[in-house]
Undergrad: 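I have a structure here, written as structure tokens, and I will follow up with some questions on it.
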Amino acid sequence: MASSAVMPGLWLFSAVFSVALISGTAAATPPNIMLVVADDLGYNDVDFQSPNNSVVLTPHLRQLATNGIRLANHHVQPFCSPTRATLMTGRHVLRYGLQNTVIWPQDAWAIPLNETFLSRNLQDAGYYTAYFGKWHLGLYKKDVLPLQRGYNEQYGYYLGGEDYFDHTRDGALDWHRNDTLEIHENGTYSADLIGNVAVDFIHRRANKGPWFMYLPFQSVHAPLEAEQVDLDRYPNLDGSVKTRAAMVSSMDTNIGRVVEALNSTGQLDDFVMVFTADNGAPWADAFSMGDDPAMIEALGLSDQPSRPPAGMHGAGGGSNYPLSGWKHWVFEGGVRSASFVYSSLIPQSTRGSVHHGLFHSVDWLPTLTSLAGASTAKNLPLDGMDIWQALLDGGRTSPRDEIPVNIAACGGDTKYQSIVDGPQAALILGDLKVIVQCWWRDSKNASTAQLYNITEDIAEVHDLASSRPDDVQRLLARLSFWEEQSVPPYPPDQDHCGQGKGQGPSPESGGNKYWDAWC
């Protein structure tokens, strides 16, 4: 169990809620909106879950979550780029070919330009929009960078897995301000940089109309790197568990700083904050890219297993307890995220509740645009649903009863790489979830189906497939429905621009190699 010790800054942060929670329950004006995404954060890597089994101290997140609505059944994709794409487009990734993998640094591809981003919807409705943190939605040409996709401001990095202090990936600098290389931030921890620019933004935008801030932290993706002040918070932990806990604490502290800035500038009224992880914690302590050797070795196998390894903490120090699975898996540990909503628009009677309704990351675009009064007429048909009223109604209320968790292109004759570990396809329908080794084109194999009641069996340990064959067929029929709508995975050189790599060095880059658009 996590300690209840008060962390620095918490006393001031506690005062925030005494002001904000008096607010009304409906927005008189378009609310300011903040969408916060944690990278590779495990379901049990925060201390706001109920019951709490975390060794990590997240007092600022806990204050927000327990004064908002915690989402116990919120789902995302198994890894980075796909979840971020669903948040920006409101559409399932199988519709544009991002179901098998992430967008790699060398790939001349990005989320297609006919997909309208949440930022564009809100910008068109009069919002001032900013993105601070991780992009991972494509960088190969200027048209796909943030300022061309509905953001007024940008600060952060385009790829994933950068060093937290020198901000390089594969020896090349990847840190940008307004889509221009930023060479002056070497040596400062990324969570502090992102917190600094978010706080500055809040002060600059006070009383200047509604704003949207997309705040995707680097924390807590590999490499495992932390500042000493955060490591010192955990004298009783060691190894990767200690380092990872310190990394989460740094993010938590900076989110606390952001909320304090909101409070000091009077911007917590008419305010909505969504917090989610992009996927579960990974099993290993470095880059996990499918068929993870550490996982294979742990299970004593030589081939990809049908079930993930068990463990309170993986080799990378993260925890998805009590869920099965890790990042890259379609089991709940990979795709059920640590999530909550905090808002002055939530009625007092609903604050502090835990919502068990079925939600997915595609739902935030229609929900937030509705709250903002923004049109989605430019968007391709949305898969997401407006869940705001369901959140206020509480319990298990939800307009959705189905999620195509993932349908990777797989099978013996496929040419596509998949970094999904274990079974490649899964679908949730109501309380039931079917998981199957492969469900793509001519490689469908119903004999591999597993069936779980994820309401009664959240850990997915009691396979019901043999005792409920009719339900298996019913869910596989829905999986086929979604597979028929899926497109093949993206081509890595769609525009024939060649592979990207660290460019330079140049005088403008301070003598560093750097990542930027090359096409």
Side-chain angles (χ1 to χ4, degrees), residues 37-46 49 53-56 73-84 99-102 136 160-161 219-224 239-241 243-245 247-248 276-301 303-339 361 403 405-406 408 410 418-426 428 433 435-437 450 452 454 457-461 463:
V37 179
D39 200 336
D40 286 6
L41 184 75
Y43 192 79
N44 191 45
D45 283 339
V46 290
Q49 302 291 18
N53 294 282
S54 180
V55 300
V56 186
N73 200 10
H74 180 272
H75 287 75
V76 292
Q77 297 304 119
F79 33 78
C80 309
S81 299
T83 292
R84 297 161 200 278
Q99 65 270 54
N100 270 42
T101 186
V102 299
H136 214 185
S219 313
V220 287
H221 196 287
L224 298 183
S240 60
V241 176
T243 305
R244 188 179 173 87
M247 296 166 73
V248 177
T276 184
D278 62 346
N279 44 252
W283 170 257
D285 60 354
F287 296 100
S288 176
M289 301 178 182
D291 294 314
D292 180 11
M295 177 267 296
I296 298 291
E297 181 180 356
L299 293 176
L301 299 175
D303 199 2
Q304 194 177 61
S306 62
R307 280 201 60 82
M312 182 73 162
H313 291 88
S319 175
N320 298 318
Y321 181 85
L323 309 176
S324 288
W326 307 86
K327 176 184 179 180
H328 291 269
W329 289 83
V330 296
F331 284 79
E332 292 294 280
V335 298
R336 188 182 294 219
S337 67
S339 306
S361 48
I403 296 173
V405 175
N406 201 64
C410 52
S418 173
I419 64 170
V420 180
D421 277 323
Q424 301 288 294
I428 296 169
K433 179 178 178 181
I435 298 173
V436 64
Q437 201 67 28
Q450 305 171 49
Y452 301 97
I454 57 171
D457 177 24
I458 191 174
E460 296 168 291
V461 294
D463 186 355

Undergrad: Let me confirm one number: the CD1-CG distance from Ile428 to Asn73, rounded to the nearest 0.5 Å.
TA: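 If I round to the nearest 0.5 Å, the distance is 6.5 Å.
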Undergrad: Is any side-chain heavy atom of Val56 closer than 4.5 Å to a side-chain heavy atom of Val46?
TA: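 Contact flag for Val56/Val46 side chains = no.
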Undergrad: With a 3.5 Å cut-off and no angle check, do the side chains of Asn44 and Ser319 form a donor-acceptor pair?
TA: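 Judged by distance alone, the side chains do pair up.
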Undergrad: Are side-chain N/O atoms of Ser337 and Thr276 paired as donor and acceptor at under 3.5 Å?
TA: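 Present: a donor and an acceptor within the cut-off.
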Undergrad: Does a side-chain heavy-atom distance below 4.5 Å link Arg307 with Phe331?
TA: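 When only atoms from C-beta onward are counted, Phe331 and Arg307 do touch, with a gap below 4.5 Å.
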Undergrad: Salt bridge (Lys or Arg N to Asp or Glu O under 4.0 Å) with Arg336: which residues, sequence neighbours excluded?
TA: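 Residues passing salt bridge (Lys or Arg N to Asp or Glu O under 4.0 Å) with Arg336: Glu332.
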Undergrad: Roughly how far, to the nearest 0.5 Å, is the OH atom of Tyr43 from the OG atom of Ser54?
TA: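 One finds 12.5 Å between OG of Ser54 and OH of Tyr43.
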Undergrad: Could you pull out all residues at least two apart from Ser219 that satisfy side-chain hydrogen bond (donor to acceptor under 3.5 Å, both in side chains)?
TA: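 Ser219: no side-chain hydrogen bond (donor to acceptor under 3.5 Å, both in side chains) contacts found.
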Undergrad: Would the distance check show the side chain of Gln77 and the main-chain N or O of Val405 forming a donor-acceptor pair, the cut-off being under 3.5 Å?
TA: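 Checked: pair present.
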Undergrad: Is a side-chain donor or acceptor of His136 paired with a backbone partner of Arg84 at a separation under 3.5 angstrom?
TA: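 A pair under 3.5 Å: no.
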Undergrad: What orientation do Trp283 and Trp326 show, parallel under 30°, tilted 30 to 60°, or perpendicular over 60°?
TA: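 Aromatic pair Trp283/Trp326 classed perpendicular.
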Undergrad: Would a 4.5 Å heavy-atom cut-off, applied to side chains only, mark Asn53 and Gln49 as touching?
TA: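 No; the side chains remain at least 4.5 Å from each other.
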Undergrad: Looking only at heavy atoms, which two atoms of Ala459 and Pro322 are closest? And how far apart?
TA: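 Reported closest heavy-atom pair: CB-O, 3.4 Å.
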Undergrad: Work out which heavy atom in Val420 is nearest to a heavy atom in Ala408; give both atom names and the distance.
TA: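 Closest approach of Val420 to Ala408: CG2-CB, 4.3 Å.
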Undergrad: With rounding to the nearest 0.5 angstrom, report the CG to CG distance, Asp463 to Asp457.
TA: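 That separation rounds to 9.5 Å.
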Undergrad: So which atom in Gly314 and which in Ser240 form the shortest heavy-atom distance, rounded to 0.1 Å?
TA: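 Gly314 and Ser240 have their closest heavy atoms at O-OG, 4.5 Å.
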Undergrad: Which heavy atom of Lys327 sits nearest a heavy atom of Gly280, and at what distance?
TA: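 Nearest heavy atoms, Lys327 then Gly280: CB-O, 3.3 Å.
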Undergrad: How many angstroms lie between atom OH of Tyr321 and atom CE of Met312, to the nearest 0.5 angstrom?
TA: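 Between Tyr321 OH and Met312 CE, I get 6.0 Å after rounding to 0.5 Å.
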Undergrad: Could you give the distance from OG (Ser361) to CD1 (Ile403), rounded to the nearest 0.5 Å?
TA: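 Spacing of OG (Ser361) from CD1 (Ile403) equals 8.5 Å.
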Undergrad: May I ask you to test the Val335-Pro78 pair for a side-chain heavy-atom distance under 4.5 Å?
TA: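 Side chain of Val335 against side chain of Pro78, heavy atoms only: contact under 4.5 Å found.
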Undergrad: Does the Asn279 side chain pair with the main chain of Thr83, one donor and one acceptor, at a distance under 3.5 Å?
TA: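 No.
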Undergrad: Measure the shortest side-chain to side-chain distance between Trp329 and Pro423 over non-hydrogen atoms and say whether it is less than 4.5 angstrom.
TA: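 Yes, their side chains come closer than 4.5 Å.
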Undergrad: Under a 3.5 Å distance rule, please check whether Asp39 uses its side chain to pair with a backbone N or O of Val220 as donor and acceptor.
TA: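 Between the backbone of Val220 and the side chain of Asp39 there is no qualifying donor-acceptor contact (under 3.5 Å).
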Undergrad: Does a side-chain heavy-atom distance below 4.5 Å link Phe79 with Pro282?
TA: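 They are not in contact (no side-chain heavy atoms under 4.5 Å apart), so the answer is no.
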Undergrad: Taking the side chain from Asp278 and the backbone from Asp40, do they hold a donor-acceptor pair closer than 3.5 Å?
TA: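 Yes; at least one donor-acceptor contact below 3.5 Å.
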Undergrad: Taking Gln450 for the side chain and Val436 for the main chain, is one N or O donor matched with an acceptor at less than 3.5 Å?
TA: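 A pair under 3.5 Å: no.
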Undergrad: Closest approach of Gln424 and Asn406, non-hydrogen atoms and distance?
TA: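 Answer, listing the atom of Gln424 first, then Asn406: O-ND2, 3.6 Å.
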Undergrad: Residues two or more places apart in sequence or in another chain: which of them pass side-chain hydrogen bond (donor to acceptor under 3.5 Å, both in side chains) with Asp45?
TA: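 Listed in chain order: Arg244.
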Undergrad: Measure the shortest side-chain to side-chain distance between His221 and Leu41 over non-hydrogen atoms and say whether it is less than 4.5 angstrom.
TA: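 The answer is no, as the side chains (C-beta and beyond) never meet within the 4.5 Å cut-off.
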Undergrad: Specify the closest pair of heavy atoms between Pro308 and Ser324, including all atoms of both residues, with the distance to one decimal.
TA: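 Result for this residue pair: CG-C, 4.2 Å.
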